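All values reported here derive from a predicted model rather than from experimental measurement. Reminder, nothing fancy here: chain letters follow the sequence lines and each chain counts from 1.
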There are 2 protein chains.
Amino acid sequence: MTAQKVSKRPTIRDVARLARVSPSTVSQVLRGHKGYASRETTERILAAVEELGYRPDAIAQSLVTARTRTIGLIISSITGPLFPQVLSGIEQEARQQEYSVLLICAKDIEQERAAVQIFRDKRVDAVIFMTTSREQPDLAFISQMASEGYPIVVINRPLGDPAIHEIVWDDLAIGRIATEHLIGLGHSRIAHVAGTLGPTGYSYWAAVERLAGYRQALANAGLAVDEQLLIEAGHSSARAFEATDHLLKLAELPTAIFAVDDTVAVGVMNALQRAGYRVPQEISVVGAGGAYDELQTEPPLTTVYMPIKEAGRRAARHVIGAIDGHKSAVPHREVLAPKLRIHGSTGPPPDVQSYH
Amino acid sequence: MTAQKVSKRPTIRDVARLARVSPSTVSQVLRGHKGYASRETTERILAAVEELGYRPDAIAQSLVTARTRTIGLIISSITGPLFPQVLSGIEQEARQQEYSVLLICAKDIEQERAAVQIFRDKRVDAVIFMTTSREQPDLAFISQMASEGYPIVVINRPLGDPAIHEIVWDDLAIGRIATEHLIGLGHSRIAHVAGTLGPTGYSYWAAVERLAGYRQALANAGLAVDEQLLIEAGHSSARAFEATDHLLKLAELPTAIFAVDDTVAVGVMNALQRAGYRVPQEISVVGAGGAYDELQTEPPLTTVYMPIKEAGRRAARHVIGAIDGHKSAVPHREVLAPKLRIHGSTGPPPDVQSYH
DNA sequence: CTGAAAGCGCTTACAG
DNA sequence: CTGAAAGCGCTTACAG
């Protein structure tokens, strides 16, 4: 009574029978291999394939070829801001090259290990890691995989293993570019609403680097860092909102704020608006990102853009190249350059006139 | 010179040899099957498994069991607002039940077909569709799969095939609840910034339903619909911004706006702010969503929440149940109820006093 | 309780 | 140019 398979899927034997040849010949024709079958045989086989609607069973193929045309992807958070763009890039490139992607979410090292085990069992051809935690200690299992010959790329997590391909954004440059933009506009009291900084426990590499870029830009311009203008806010709009409230209690306000990322920037702008400050007339705001196809703020946010989707595309391209044994696929570190996108949230400081 | 597999992965034969039994016995012990091996044999086998670090090859297993413990997921847009939450729910549930998810993005019917073909070839055990277009004509290939015995669930796309499980949000209720909330606050001039409406070509079911819910609520309250207060804005903040500007040019302004979703609501609020209107003192705004873990607006947005992640979880639960042949897995339509979440963006209309 | 045999659906040397 | 044989690594009746 219940639904069931109407007819079994045809196998290569069915095709062979119908075309009156052996399965080997069918296989060879379909793979386009060696002793090219005669034109006649080929046509008969193709006709049989067509007639039966035959498609090779990928599982059976994998068993013998030891290739699955599948890439494993391990990410730490699906709902995080970077993930959709990265996945989108990976999936797009993979699909184009006739690979598919198997996805597992892993929140910590233990889950990462488990994911890797599943990927090994399912015989993926390569794995891409996009996990942002900075725990370094136990990452040996990644190196281990690489040494076994698995193509691997790690996105946004500096491992430092020369055998593993890394794709990273230049976070130092992001901090520098954002800050230099503000300096260029004439600002000298520039606050930074930072991400989760170390060194205790969980930390984000990017946050530390962007802060360093901020300091570097100030130093280059001969400006001192006022530590009061430095505030940690994690990576949420809500905490950024509070952090900004804090900044606004200072005796001497900043004239510009560099927010560690766009999400944080939204919180900053909301706090400014709530407190009655006009952006950018009284206070400028610059973010960093590229996560959102569309992040609408009023005024539109000036931001340092990172090519996130491109990172995904390159990751897929690299592992596929490695699977296919391309020479170009030797592991190294790819650094993606950020780019300033100026919109309405930044402008000269209110007292810029007095400088002239 | 180049990296290569250090040692071949151990097979069931290696284990058998080491434990001095046959591969069949190893398999039976590992599966926990029938003629339970003697305690002694079992221990010897387990020890051998441990010593060699043996793990069964999932591909080989799949070939004989005709099960891959893999669910195929087809989505139309990775960067769309619903997707991350849905995927997160699916992946979480799947992982818990030891399934993995194979992901393919398909922008149109042709790509969907191709994706389905890949899934068939790779022998996924079930497929989940999360594709939002409303093209109905060619969806027969989905019914076809179902009739072949593939467990299938479709999220957010009313197919109307009783053989296919559907998970949908009650979009009509969303429109009704949002509007009733505003009516309850005393509003009578309520605008609606709608999504992409049909009937020409591409359209979103949800947008149409939410609009219907809006109309229904107004009708129930004995309020006439002022068609001037109805404006289509797609699903982007930017277009919502423009649409709102339009509304603000009306001779008689609305005192409240129901935005078809949260993204649109952001555009609406930005436009109001830009034009100098205070929310909610002068104009109230209500959205709908659940897409964002955190959507920060100032003031915080009142919204009709949809349990998006839950939809993903249920989709996975359903197909896995069906794969395992559970009786509970008969296809039907699951409707997820939305829930009003009141925050700061809605309040009584400015002239509410005059009603008393 | 344990093992030999067959088979899942392919591909790949190797003969002829 | 084509086919028989072996094998990929498992599981599943079936004997014993």
Side-chain angles (χ1 to χ4, degrees), chain A residues 5 7-46 48-49 52-70 117-118 120-125, chain B residues 5 7-46 48-49 52-70 117-118 120-125:
Chain A
K5 318 258 172 181
S7 59
K8 300 194 60 160
R9 197 181 154 114
T11 71
I12 199 170
R13 299 188 57 144
D14 299 321
V15 175
R17 201 152 8 194
L18 185 60
R20 308 198 144 281
V21 293
S22 75
S24 338
T25 305
V26 176
S27 176
Q28 277 161 192
V29 166
L30 260 30
R31 306 279 121 266
H33 275 178
K34 39 176 176 180
Y36 292 100
S38 68
R39 192 193 177 76
E40 215 190 318
T41 317
T42 303
E43 277 172 5
R44 231 167 344 121
I45 291 173
L46 264 22
V49 165
L52 297 175
Y54 169 75
R55 307 221 83 214
D57 181 319
I59 295 292
Q61 287 184 135
S62 292
L63 186 59
V64 24
T65 61
R67 287 257 179 293
T68 52
R69 294 199 84 82
T70 301
Q117 195 53 266
I118 292 167
R120 283 174 180 274
D121 292 347
K122 293 207 169 176
R123 316 223 73 133
V124 301
D125 294 332
Chain B
K5 319 258 174 181
S7 60
K8 300 193 62 158
R9 197 182 154 111
T11 72
I12 200 170
R13 299 187 57 143
D14 299 320
V15 175
R17 201 153 6 196
L18 184 60
R20 309 197 143 281
V21 293
S22 75
S24 337
T25 304
V26 174
S27 176
Q28 277 161 192
V29 165
L30 260 30
R31 306 279 120 265
H33 275 179
K34 39 176 174 181
Y36 292 101
S38 68
R39 194 192 174 76
E40 217 189 318
T41 317
T42 304
E43 277 171 5
R44 232 170 341 124
I45 291 173
L46 264 24
V49 165
L52 297 175
Y54 170 74
R55 306 222 84 214
D57 181 318
I59 295 292
Q61 287 184 134
S62 292
L63 185 58
V64 25
T65 62
R67 289 257 178 291
T68 52
R69 292 201 85 82
T70 301
Q117 196 53 266
I118 292 167
R120 282 174 181 275
D121 292 347
K122 293 206 169 177
R123 316 225 73 135
V124 301
D125 294 332

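- Regarding contacts with the backbone of dT2(D), every side-chain N or O of Thr25(A) stays at 4.0 angstrom or more from both OP1 and OP2.
- Annotation for Ala16(A) and Val26(A): closest pair CA-CG2, 3.7 Å, computed over non-hydrogen atoms.
- Listed nucleotides: dT11(C), dC1(D), dT2(C). Nearest to the side chain of Ser27(A): dT11(C).
- Remark: P of dT12(C) and CZ of Arg67(A) are 11 Å apart, rounded to the nearest angstrom.
- Scanning residues 56-66 of chain A for heavy-atom distances under 4.0 Å to DNA chain C yields Pro56(A), Asp57(A), Ala60(A), Gln61(A), Leu63(A), Val64(A).
- Arg69(B) has its CZ atom 16 Å from the C1' atom of dC10(D), to the nearest Å.
- Rounded to whole Å, atom P of dT12(D) lies 8 Å from atom CZ of Arg31(B).
- For Arg120(A), the salt bridge (Lys or Arg N to Asp or Glu O under 4.0 Å) criterion is met by Glu148(A), not counting sequence neighbours.
- Using a cutoff of 4.0 Å between basic side-chain nitrogens and carboxylate oxygens, Arg39(B) and Glu43(B) are scored as salt-bridged.
- With the 3.5 Å cutoff on both pairing distances, Watson-Crick and G-U pairs in DNA chain D assemble into runs of at least 3 at C:1-3 with D:14-16, C:5-12 with D:5-12, C:14-16 with D:1-3.
- Thr68(B) and Asp125(B) get closest at one heavy-atom pair: N-OD1, 3.0 Å.
- Panel note: side chain Lys122(B), backbone Arg69(A); a donor-acceptor pair is recorded below 3.5 Å.
- To the nearest 0.5 Å, atoms OG1 (Thr42(A)) and CG (Leu30(A)) are separated by 10.0 Å.
- Residue Arg13(A) places none of its side-chain N or O atoms closer than 4.0 Å to OP1 or OP2 of dG9(C).
- The line from CG of Leu46(B) to OG1 of Thr41(B) is 11.0 Å long, rounded to the nearest 0.5 Å.
- Pairs passing the salt bridge (charged side-chain N to carboxylate O under 4.0 Å, His left out) check and including a residue from residues 11-29 of chain B, sequence neighbours excluded, read Asp14(B)-Arg17(B).
- Spacing between atom NZ of Lys122(B) and atom C1' of dC8(C) amounts to 19 Å, rounded to whole angstrom units.
- Pairs engaging residues 55-67 of chain A under the salt bridge (charged side-chain N to carboxylate O under 4.0 Å, His left out) rule: Arg55(A)-Asp121(B), Asp57(A)-Arg123(B) [sequence neighbours left out].
- Atoms CG (Leu52(A)) and P (dC10(C)) sit 12 Å apart, rounded to a whole Å.
- Ile45(A) has its side chain within reach of Val49(A): a pair of non-hydrogen atoms, C-beta onward, lies under 4.5 Å apart.
- The stretch residues 17-24 of chain A touches DNA chain C through Ser24(A), each having a heavy atom under 4.0 angstrom from the strand.
- Residue-level contact check: Arg55(B) touches the backbone only, with heavy atoms under 4.0 Å from sugar-phosphate atoms and none from bases.
- What you find for Ile12(B) and Tyr54(B) is that their closest heavy atoms are N-CE1, 3.4 Å.
- In this structure, the CG atom of Leu30(A) is 12 Å from the P atom of dT12(C), given to the nearest Å.
- Nucleotide dA5(D) holds its P atom 16 Å from the CD atom of Gln28(A), rounded to whole Å.
- In the model, Ser27(A) has no side-chain atom that pairs as donor or acceptor with a side-chain atom of Ser24(A) under 3.5 Å.
- Distance, Glu43(B) CD to dC1(C) P: 14 Å, rounded to whole Å.
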